[in-house]
Amino acid sequence: MSRIAYVNGRFVWHQDACIHIEDRGNQFADAVYEVWGVRGGALMDFDGHMTRLARSLSELQIRRPMSDAALSAILVRMVALNHIRNGLIYLQVSRGQARRDHIFPSPDTRPGIMITAKPVNFEKAEARAGKGISVITQPDIRWARRDIKSVSLLPNVLAKQAAAEAGAGECWMIDTDGFITEASASNAWIVTADGTLVTRPASNDILNGITRRTLFRLARNAGIKTQERPFTRDEALAAREAFITSASAFLTPVVEIDGKPVANGHPGTFSLQLRASYVATAKERARKQMNRPSVWLVACRGERPVN
Ligand code: PDD
């Protein structure tokens, strides 16, 4: 099936989608992004990602490309046009196109916006989570504003590539004090021997994952002990369970770190139960959020792709 993308105000065929050669996202990584998981046709944690997008834009003084209502409608329409039941929606907003110059262009420069959609094989993703993944560790070599969801992801790309070359599913990154910050494209968690859920506190050191936040709330509401504090690789190796969270992985157990097993080297029941309740809760919330009349009214007026 042909995919449809959204670029600077138009729905276009994916293979024809293009941006200007002087888009600042391309030349300076002067852009931010968001990724929504889609389950059962609904965008998961919709509001959380919208709120973080607004924050990333504001931190970098990039203009918002349109109202939240209009953007919501386009996102919903992208799910429908691409017939996505289970998949991912990627949104990128740049400072716009301008003659190359490090200094910001004039304030009336229109931000650039692009959205893509892709289906994800639901059964394969579930099977991966059921088996768990191994991770490697590497020094965290990123910039000091990891809280901003910037497209400047080269260190993350290198870390994930190193993991892939080692046959691992992720790379956990380590700060100069020996603590895990997060993974190349997900947040890192452990479950301690006494059943406490531990993850690094939100700060400039990590991206405050939307899945992370939702899971935290869910765990607290379920009466599970939670702690936001840094942890080391040795502590993770001695933990009862470990896992990663992100919009694409949801919650995926980590069964091996640098070739050494976490506990018995199999996904723990705690992680798998948490994953199941996260998906169920987020799906239900997504369904409610997507049913807001404001979203659907505007979505129905969507344009047709241009040939
Ligand atoms: N990555 N940390 C990093 C560095 C990330 O890139 C991501 C998400 C997360 C988890 O955030 P969230 O729960 O909001 O997805 C944490 C996305 C999925 C990506 O780059 O594809």
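In this chain, residues are counted from 1 in sequence order. Each ligand, and each atom within it, is numbered from 1 in the order the structure gives. No experiment lies behind these values; they were computed from the predicted model shown.
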Just jot down the ligand 1 atoms closer than 4.0 angstrom to any heavy atom of Ser246, in number order.
10 (C), 13 (O), 15 (O)
Run down the list Leu88, Ile206, Asn187 and name the one with the heavy atom closest to atom 10 (C) of ligand 1.
Asn187
Hey, does Arg146 have a side-chain heavy atom less than 4.5 Å from the side chain of Glu182?
yes
Atoms of ligand 1 under 4.0 Å from any heavy atom of Ser248, numbered from 1 in the order shown, are 18 (C)
In ligand 1, the atoms that come under 4.0 Å of a heavy atom of Ala183 are 4 (C)
Can you list the ligand 1 atoms lying under 4.0 Å from a non-hydrogen atom of Glu182?
2 (N), 3 (C), 4 (C), 16 (C)
Any chance you could measure Asp147, atom CG, to Leu207, atom CG, to the nearest 0.5 Å?
8.0 Å
Sub-4.0 Å heavy-atom approach of Arg146 to ligand 1:
no
Any donor-acceptor pair under 3.5 Å linking the side-chain atoms of Thr196 with those of Gln227?
no
Please confirm whether Ile210 comes within less than 3.5 Å of ligand 1 when only nitrogen or oxygen atoms on both sides are compared.
yes
Atom 11 (O) of ligand 1: closest protein heavy atom, distance to 0.1 Å, is Gly209 CA, 3.4 Å
What protein heavy atom sits nearest atom 15 (O) of ligand 1, and how far off is it?
Ala247 N, 2.8 Å
For Glu170, is there an ion pair with Arg128 - N to carboxylate O distance below 4.0 angstrom?
no
Does a donor on one side chain and an acceptor on the other come within less than 3.5 Å for Thr137 and Arg233?
no
Name the closest protein heavy atom to atom 13 (O) of ligand 1, giving the residue it belongs to and the distance to 0.1 Å.
Thr211 OG1, 2.6 Å
How many angstroms lie between atom OG1 of Thr252 and atom NZ of Lys131, to the nearest 0.5 angstrom?
12.0 Å
Using a 4.0 Å cutoff against the non-hydrogen atoms of His49, which atoms of ligand 1 qualify?
14 (O)
Hey, is Ser186 touching ligand 1 through its side chain, its backbone, both or neither, going by heavy atoms under 4.0 Å?
backbone
Check whether any N or O atom of Thr245, backbone or side chain, sits under 3.5 Å from an N or O atom of ligand 1, and answer yes or no.
no
With heavy atoms and a 4.0 Å threshold, my read on which part of Tyr90 contacts ligand 1 is neither
Flag side-chain contact, heavy atom, 4.5 Å: Glu228 against Val198
no
Is it true that Lys149 lies under 4.0 Å from ligand 1, counting heavy atoms only?
yes
Nearest-0.5 Å distance, NZ of residue Lys160 to CG of residue Leu153:
11.0 Å
Enumerate the atoms of ligand 1 whose separation from the nearest heavy atom of Asn156 is less than 4.0 angstrom.
4 (C)
Distance to 0.1 Å, residue and atom name: give those for the protein heavy atom nearest to atom 20 (O) of ligand 1.
Tyr33 OH, 2.7 Å
In terms of the angle between their ring planes, are Trp189 and Phe243 parallel, tilted or perpendicular, with boundaries placed at 30° and 60°?
parallel
Looking at Glu22 and Arg100, is there a salt bridge between them, counting it only when a charged N and a carboxylate O are closer than 4.0 Å?
no
With distance as the sole criterion, is a donor-acceptor pair present between the side chains of Asp140 and Thr181 under 3.5 Å?
yes
Heavy-atom distance to atom 21 (O) of ligand 1: which of Ile244, Val35, Thr181, Val151 wins?
Val35
How does Arg52 reach ligand 1, by side chain, by backbone, by both or by neither, if only non-hydrogen atoms under 4.0 Å count?
side chain
Looking at side-chain heavy atoms only, is the closest gap between Thr245 and Phe250 below 4.5 Å?
no
Which residue and atom name correspond to the protein heavy atom nearest atom 6 (O) of ligand 1, and how close is it?
Ala185 CA, 3.4 Å
Please confirm whether Ala249 comes under 4.0 Å of ligand 1, counting heavy atoms of the residue only.
no
Test: Arg200 cationic atom under 6.0 Å from Phe231 six-membered ring centre, within 45° of axis
no
